[in-house]
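What follows is one structure encoded as structure tokens, with my remarks underneath.
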Amino acid sequence: MTKFYELTPAARRDLLIAAGLAEADAAVLAAPGLSPDVAASLTENVIGQYALPLGVVRALTVNGQSRTIAMVTEEPSVIAAANNGARIVNQSGGVTATAAPHRVQAEVVFDDVPDHQQAVAVLTAHRAGLFRVAEAAHPSAVKRGGGLKDITFSQRGRFMVMVLTIAPSQAMGANLADTIAEAVAAAAAGMLDQPALVAILTNHSDALVQATVSLTPATLRTSQVDGLTIARRIAALSDLAQVDPLRAATHNKGIMNGIEAAVLATGNDTRAVAAAVAAYSLGRPLSSWVLTAGRMVGQLTLPLPVGVLGGAISALPKAQAALRLGDFQTVSDLQCGLAALGLVQNLAALRALAGPGIQAGHMALQAKALAIAAGASGAEIQQVAAGLSAQTRTLAAAKQLLANLRGTTE
Ligand code: MEV
């Protein structure tokens, strides 16, 4: 049977339609870009659109449910690696993932408060009033069971910091948090008789998502190396990332290869995720892999501030289609899917490093990129790529092959 990756994009979409993707969503995903009106209203000074390929990781089992996750990335091998990782973990039952309740926080900060304790006492005495202000700023959030949930105070140097904890329901929550923070800041300023220095969402997040797999080592084998040896090397690479910040950064980059591609495809804010992850990881690896009791156990923990409603998602038809493709109905569903994807992406990278190295898998894709750079198009891309042997993988060789193919001189 022809493999998914060997099909044309249209035939791949047909398979996804057969598996439940709505035809209208398939058409949206296939369409070239945004309507000019939408593009011009999403950001400023628009002079065009920037296209990237959209691919999928298929049938990644997360908490017993098979998910197809859309990914947008310019990097060759990322999607192939994710599918590879998914195939391996599915043989051992897939990924188990949990997400803490979705919360965002905002800070309202006062500078040079004359008496910190006195200020906290004043604001605490008006706590109920501050909650009413927050509700009035966004009544619909409260109706959906969300809105402001807590206010805490802390002193940071000369600054008095109010931290507002907000439940954003199924949105990412940045707009809601900023709206509530500005309203609470204005009210608190009146109570303290001094203006707030700043009122803004923090991209730091304590709401963590965790993904775990427990694999049969044999499933990790490569054509050259047995599974147990690969598992031992993966565990050693994980240990290395714990003690070597240089390796930890790259280890985490492999995880984010998958996560950021799916965050982008679902219309979420990649910078918010990157900032939260950087604040959380502090240069340490986000995942660990250990061989224990005959199993290879992998575990990933990170914050994933995303939403399934609101923000740019409402304006991006492909993001909505991507969310439906993955059946991501809640923030928790999406967070668990993203964490699972990050973990399998990490596994695929470590397995390649532990086995043949990373370049072996990249070679076919690099050959295609060289063919395109040489001017090949359509069927020529595959023909030129196939002709580029490992020794002659240069632009000059690609140009020569293309010239031979076209019967012209280089
Ligand atoms: C490349 O984009 C990502 C890797 O370097 C990750 C890793 O080394 O773990 C392959």
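What you see is a predicted model; the values in this text were computed from it and never measured. Read the numbers this way: they start at 1 and go in the same order the structure lists the ligands and their atoms. Below, all heavy atoms of this structure are taken into account, side chains as well, without hydrogens, waters or symmetry copies.
- In terms of the side-chain hydrogen bond (donor to acceptor under 3.5 Å, both in side chains) criterion, Arg247 has no residue partners (sequence neighbours excluded).
- Only side-chain heavy atoms of Arg247 come within less than 4.0 Å of ligand 1; its backbone N, CA, C and O stay farther off.
- Contacts with ligand 1 closer than 4.0 Å are made by side-chain heavy atoms of Asn257 only, the backbone lying farther away.
- Per-residue contacts place Glu75 under 4.0 angstrom from the following atoms of ligand 1 (heavy atoms of the residue considered): 1 (C), 2 (O).
- With contacts defined as side-chain heavy-atom distances shorter than 4.5 Å, the pair Phe159/Val198 does not qualify.
- Any N or O atom pair closer than 3.5 Å counts here, and Lys253 shares at least one such pair with ligand 1.
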Asp206/Arg103 under salt bridge (Lys or Arg N to Asp or Glu O under 4.0 Å): CA gap, chis, key distance, verdict:
CA-CA 8 Å; Asp206 294 327; Arg103 296 284 180 269; over 6 Å; no
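- For ligand 1, the atoms closer than 4.0 angstrom to any heavy atom of Leu353 are 7 (C), 8 (O), 9 (O).
- Here Asn346 has no heavy atoms under 4.0 Å from ligand 1, in either its backbone or its side chain.
- Residues satisfying the side-chain hydrogen bond (donor to acceptor under 3.5 Å, both in side chains) test with Ser205, not counting sequence neighbours, are none.
- The two residues Leu325 and Leu16 come nearest to each other via the heavy atoms CD1-CD1, 4.3 Å.
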